Protein chains: 2
Amino acid sequence: MDLILISVPVNNIFGLIDKVLDVVGDNTLVFDVGSTKEPICNYLKNHEKRSNFLAAHPMAGTEFSGPKAAIKGLYVGKTNIICEFEKTDKKLGKLALEIFDALEMKTIYMDPKSHDVHVAYVSHLSHVSSFMLGKTVIEKEKNENNIFDLAGSGFESTVRLAKSSPNTWTPIFLQNKTNLAAAIDEYVTNLNLLKELIVEENDEELNKILNNTNRIKEILNKK
Amino acid sequence: MDLILISVPVNNIFGLIDKVLDVVGDNTLVFDVGSTKEPICNYLKNHEKRSNFLAAHPMAGTEFSGPKAAIKGLYVGKTNIICEFEKTDKKLGKLALEIFDALEMKTIYMDPKSHDVHVAYVSHLSHVSSFMLGKTVIEKEKNENNIFDLAGSGFESTVRLAKSSPNTWTPIFLQNKTNLAAAIDEYVTNLNLLKELIVEENDEELNKILNNTNRIKEILNKK
């Protein structure tokens, strides 16, 4: 084989990827697409076929999984993060880049530690916030018709990620636990701050915080 | 005039709507579209033209505001909540329903207190969660390119509501402060619970909670 792509929940990658690497020849590229990168890079650090491996994280997908969730052109214009590129054999690394270029992805490079910190905030915390929003609302609204009827006002998109697969996300949360716990703490601090301002009816400070956060509009509009 | 529609930030409605009601004739319908209903219903409780007023909340819109944010067919199939319908003059109430039907809205009825509790959870908490997610990520990611590059993985939709107008949302949060503060408390409790399970690496319980919350898929798919 020229290429083996490992796409399994991030806890199942251990014990699988090393067995695959054990039996491949020098010209086989093995890459993963997991949402955490420090654990897998550490795990394979001393593997004798380390140079056959490329650590990748294509930032693309939806809340749905399985063959029916396939989307044509899913990867076009999306970010692909590659870690420790220098540890991959040059020829195999070149092959990987050709594949990602053919998929029209935007490739960026990060060390595994930085990757896991950044995705804790920009990706994993979004999933935590969405799952817990769903939990809070389901617990309160015993009558599910109310959730459905009132979902139009923002809830539906904010809770979208809570439809994601628990088998995919449980191990991601666990593998990134230190970074994610810190992110959740900061998020909770901000929520408590906002609550205090609401309770104190501090409209000036409240407006200021919402205004500052509105900057997200310009940040996400750069494309 | 047959119809006066009051569509202003919910704090500006006081002092405006009563002056409007003061000068209208018996055949003029005045309705508001604010996101909180208990304060305005209480405010107009003893107004001598109370029967000219209808308290409405069409659950439709985007994170954008102003004329450029207009969307054709915005109201089709969306929920419209009417409060204290019995306090509106019958003929004027009928006119209002004809208008909402012509817009193809789904009208439901609630008392103002229940309305404000339900929207605290299903709408206002979504906005709080999204605004604070944006704040947390902006504070952490000093390099805004990282936010942009990594936004693909769920962040962009979860933070969408943080683009909303601070002048619209500050007074909504304040007018619904008691219900919203309770909702934020329950949300924070759930976030802290999830964090503990992550830190303890309790994958079984974590998976169970995410699975329970996945029900949101079926609830939102009822249409």
Side-chain angles (χ1 to χ4, degrees), chain A residues 59-60 78-79 108 118 121-123 126-137 140 144 146-163 166 169-170 173-174 177 181 184 186-188 190-191 194-195 198-199 201 203 206-207 210-211 213 216-217 219-220 222, chain B residues 59-60 78-79 108 118 121-123 126-137 140 144 146-163 166 169-170 173-174 177 181 184 186-188 190-191 194-195 198-199 201 203 206-207 210-211 213 216-217 219-220 222:
Chain A
M59 307 283 285
K78 300 290 166 56
T79 298
I108 63 175
H118 290 306
Y121 284 82
V122 184
S123 166
S126 295
H127 284 78
V128 166
S129 108
S130 191
F131 266 111
M132 291 305 94
L133 177 67
K135 181 171 189 283
T136 306
V137 170
K140 181 71 182 182
E144 297 181 355
N146 280 330
I147 302 180
F148 176 71
D149 286 339
L150 308 185
S153 193
F155 179 66
E156 190 156 11
S157 63
T158 317
V159 86
R160 179 177 71 86
L161 298 178
K163 302 174 183 175
W169 283 94
T170 300
F173 291 165
L174 293 180
K177 74 170 186 172
I184 294 173
E186 289 165 42
Y187 185 47
V188 164
N190 278 321
L191 285 163
L194 199 83
K195 193 195 76 177
I198 291 170
V199 170
E201 303 193 23
D203 58 345
L206 202 52
N207 199 291
L210 301 190
N211 254 310
T213 309
I216 209 72
K217 224 184 304 195
I219 296 174
L220 293 178
K222 288 197 298 182
Chain B
M59 308 281 285
K78 300 290 166 56
T79 298
I108 63 175
H118 290 306
Y121 284 82
V122 184
S123 167
S126 296
H127 284 78
V128 166
S129 108
S130 191
F131 266 112
M132 291 306 96
L133 177 67
K135 180 170 190 283
T136 306
V137 169
K140 180 70 183 184
E144 297 183 354
N146 280 330
I147 302 180
F148 176 71
D149 286 339
L150 308 185
S153 195
F155 179 67
E156 190 155 12
S157 63
T158 316
V159 84
R160 178 177 69 87
L161 299 179
K163 302 173 183 175
W169 283 94
T170 300
F173 291 165
L174 293 180
K177 75 170 184 170
I184 295 173
E186 289 166 42
Y187 185 48
V188 163
N190 278 321
L191 286 164
L194 200 84
K195 192 195 78 178
I198 292 170
V199 170
E201 305 194 22
D203 57 346
L206 202 52
N207 199 290
L210 302 190
N211 253 308
T213 309
I216 209 73
K217 224 184 302 195
I219 296 173
L220 293 178
K222 288 198 294 182

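All figures in this text were calculated on a predicted structure; none of them were measured in a lab. Side chains included, hydrogens not; waters and symmetry mates left out as well; all remaining heavy atoms used. Residue numbers begin at 1 in each chain, while the letters A, B, ... track the order of the sequences.
Note that CG of Leu220(A) and CZ of Arg160(B) are 12.5 Å apart. Values are rounded to the nearest 0.5 Å. Here OG of Ser126(B) is found 8.5 Å from OH of Tyr187(B). Values are rounded to the nearest 0.5 Å. Here the NZ atom belonging to Lys195(B) is positioned 15.0 Å from the CZ atom belonging to Phe173(A), to the nearest 0.5 angstrom.
In this structure, Leu150(A) and Phe155(A) have side chains that are not in contact, with every pair of non-hydrogen atoms separated by 4.5 Å or more.
Interface remark: Ile108(B) contributes side-chain atoms only to the contact with chain A (heavy atom separation under 4.5 Å). Contact of Ile184(B) with chain A is made through the side chain alone, with heavy-atom distances under 4.5 Å. Only the side chain of Leu194(A) has a heavy atom closer than 4.5 Å to any heavy atom of chain B. Using a 4.5 Å cut-off between heavy atoms, Ala60(B) does not touch chain A at all. When heavy atoms are compared at a cutoff of 4.5 Å, Lys78(B) does not approach chain A at all. The contact between Leu161(A) and chain B is made entirely by side chain atoms (from C-beta outward), counting heavy-atom distances below 4.5 Å. Only the side chain of His127(A) comes within contact range of chain B, with heavy atoms under 4.5 Å apart. With a threshold of 4.5 angstrom between heavy atoms, Leu191(B) approaches chain A through its backbone and through its side chain.
Per-residue counts of heavy-atom pairs under 4.5 Å with chain A were compared for Ser130(B), Gly134(B), Ser157(B); the largest is that of Ser157(B). Of the listed residues (Asn207(B), Ile216(B), Asn190(B), Asp203(B)), the one with the most heavy-atom contacts under 4.5 Å to chain A is Asn190(B). Taking chain A as the reference chain and counting heavy-atom pairs below 4.5 Å, the highest number among Met59(B), Glu201(B), Lys135(B) is found for Lys135(B). Between chain B and the options Ile147(A), Thr170(A), Val128(A), heavy-atom pairs under 4.5 Å are most frequent for Thr170(A). Ranked by heavy-atom pairs under 4.5 Å with chain B, the list Leu206(A), Asp149(A), Val137(A) is led by Asp149(A).
Taking both residues in full, the closest heavy atoms of Ala162(B) and Phe131(B) are given as O-CE2, 3.3 Å, listed atom of the first, atom of the second, then distance. In plain terms, the two heavy atoms of Glu186(A) and Lys140(B) that are nearest each other are OE1-CD, 4.3 Å.
Residue Tyr121(A) forms a side-chain contact (heavy atoms from CB on, under 4.5 Å) with just one option from Leu133(B), Thr136(B), Asn146(B), and that option is Thr136(B).
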